[in-house]
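We're numbering straight along the sequence, starting at 1.
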Amino acid sequence: MKIHILKSDQKEIENYKRITVSDDQINLSEISDNECSFILANDVLDSFSVENIGSLITSIIKKLRIKGAVVIGGTDIRLFSKNVINGTISGENAAKIIGSLRSMTTLNDTQNIIKSLGLNIDSTQISGIHYEIKATRG
């Protein structure tokens with residue numbers, strides 16, 4: 001099974017099971033542990049408070065089968081701050097970004113959580129202030 005975890009206003013990918021997140025909430029009860037071969041959660045971290053990101057990632061990883069892959073990502077607070085300081089992001093746009101997110105994390109912190117759960121980091125990608133990590137279980 002392949003699942004796509006996304007916000008309610010985003011369009012899902014065809015042939016993926018849609019799981020919608022809202023602020024600090026996700027319902028994965030319809031999916032058995034170790035059932036998924038691929039999980040796409042490229043913007044999911046921005047919908048959770050920093051305190052809940054570890055438990056969110058743990059919940060997602062439980063659904064992943066051995067040799068399954070996950071793509072997870074969010075907004076990097078260091079890249080965001082750097083772009084605001086450098087003037088790449090205006091004060092007005094920075095306020096809009098902050099208002100639309102529940103939290104921001106860092107690529108390194110997220111990688112450390114993923115590694116602590118026994119996954120192998122396959123690749124990381126940074127685009128502007130956003131990052132994505134692709135990891136494989138087992």
When clusters are formed by joining ILVMFWY residues with side-chain heavy atoms under 4.5 Å apart, either directly or through shared neighbours, do [X] and [Y] land in the same one?
X: Leu6; Y: Ile31; value: no
X: Phe38; Y: Met1; value: no
X: Phe80; Y: Val50; value: no

In terms of side-chain heavy atoms, does [X] have a donor or acceptor partner in [Y] at a distance below 3.5 Å?
X: Thr106; Y: Asp76; answer: no
X: Asn120; Y: Arg137; answer: no
X: Asp122; Y: Thr136; answer: yes
X: Ser90; Y: Glu92; answer: no

Over all heavy atoms of both residues, which pair between [X] and [Y] is shortest? Give the atoms and the distance, please.
X: Ser47; Y: Val21; result: OG-CG2, 3.7 Å
X: Ile89; Y: Ala94; result: CG2-N, 3.6 Å
X: Ile113; Y: Ser116; result: O-OG, 2.7 Å
X: Ile53; Y: Ser103; result: CD1-OG, 3.9 Å
X: Lys67; Y: Gly138; result: NZ-O, 3.3 Å
X: Ile97; Y: Met104; result: CG2-CE, 4.4 Å

State whether the side chain of [X] and the backbone N or O of [Y] hold a donor-acceptor pair below 3.5 Å, judged by distance alone.
X: Ser127; Y: His130; result: no
X: Arg18; Y: Ser8; result: yes
X: Asn52; Y: Phe48; result: no
X: Asn42; Y: Ile72; result: no
X: Asn27; Y: Ser29; result: yes

Subject >> Under the salt bridge (charged side-chain N to carboxylate O under 4.0 Å, His left out) test, residues paired with Glu14 that sit two or more places apart >> reply: none
Subject >> Set of salt bridge (charged side-chain N to carboxylate O under 4.0 Å, His left out) partners for Lys63, sequence neighbours left out >> reply: Asp33
[atom1]-[atom2] distance between [X] and [Y], expressed to the nearest 0.5 angstrom:
X: Arg78; Y: Thr105; atom1: CZ; atom2: OG1; answer: 9.5 Å
X: Thr124; Y: Ile126; atom1: OG1; atom2: CD1; answer: 6.0 Å
X: Leu64; Y: Glu35; atom1: CG; atom2: CD; answer: 11.5 Å
X: Leu40; Y: Lys2; atom1: CG; atom2: NZ; answer: 10.5 Å
X: Thr110; Y: Glu132; atom1: OG1; atom2: CD; answer: 12.0 Å
X: Lys62; Y: Leu117; atom1: NZ; atom2: CG; answer: 10.0 Å

**OP:** Could you give me the CA-CA distance, side-chain angles and deciding distance for Tyr131 and Leu45, then say whether side chain to side chain contact (heavy atoms under 4.5 Å, CB included) is met?
**Re:** CA-CA 10 Å; Tyr131 67 88; Leu45 298 178; 3.3 Å; yes
Original post:
Just wondering, are more than 12 heavy atoms of other shown residues or ligands nearer than 6.0 Å to NZ in Lys7?
Top reply: yes
Original post:
Below 4.0 angstrom, N of the basic side chain to O of the carboxylate: do Glu30 and Lys17 qualify?
Top reply: yes
Subject >> Pairing of Asp24 and Arg102 as salt bridge, 4.0 angstrom limit >> reply: yes
**OP:** Show your reasoning for whether side chain to side chain contact (heavy atoms under 4.5 Å, CB included) applies to Val71 and Ile39.
**Re:** CA-CA 6 Å; Val71 174; Ile39 299 172; over 6 Å; no
**OP:** Would you please test Tyr16 and Ile3 for side chain to side chain contact (heavy atoms under 4.5 Å, CB included) and show each step?
**Re:** CA-CA 5 Å; Tyr16 281 66; Ile3 62 172; 5.7 Å; no
**OP:** Using the side chain to side chain contact (heavy atoms under 4.5 Å, CB included) rule, take Val70 and Ile61 through it: C-alpha gap first, then chi angles, then the decisive distance, then the call.
**Re:** CA-CA 8 Å; Val70 62; Ile61 300 310; 4.0 Å; yes
Original post:
Of the options Ile5, Ile19, Ile114, which is the one that meets Ile60 in a side-chain contact (heavy atoms from CB on, under 4.5 Å)?
Top reply: Ile5
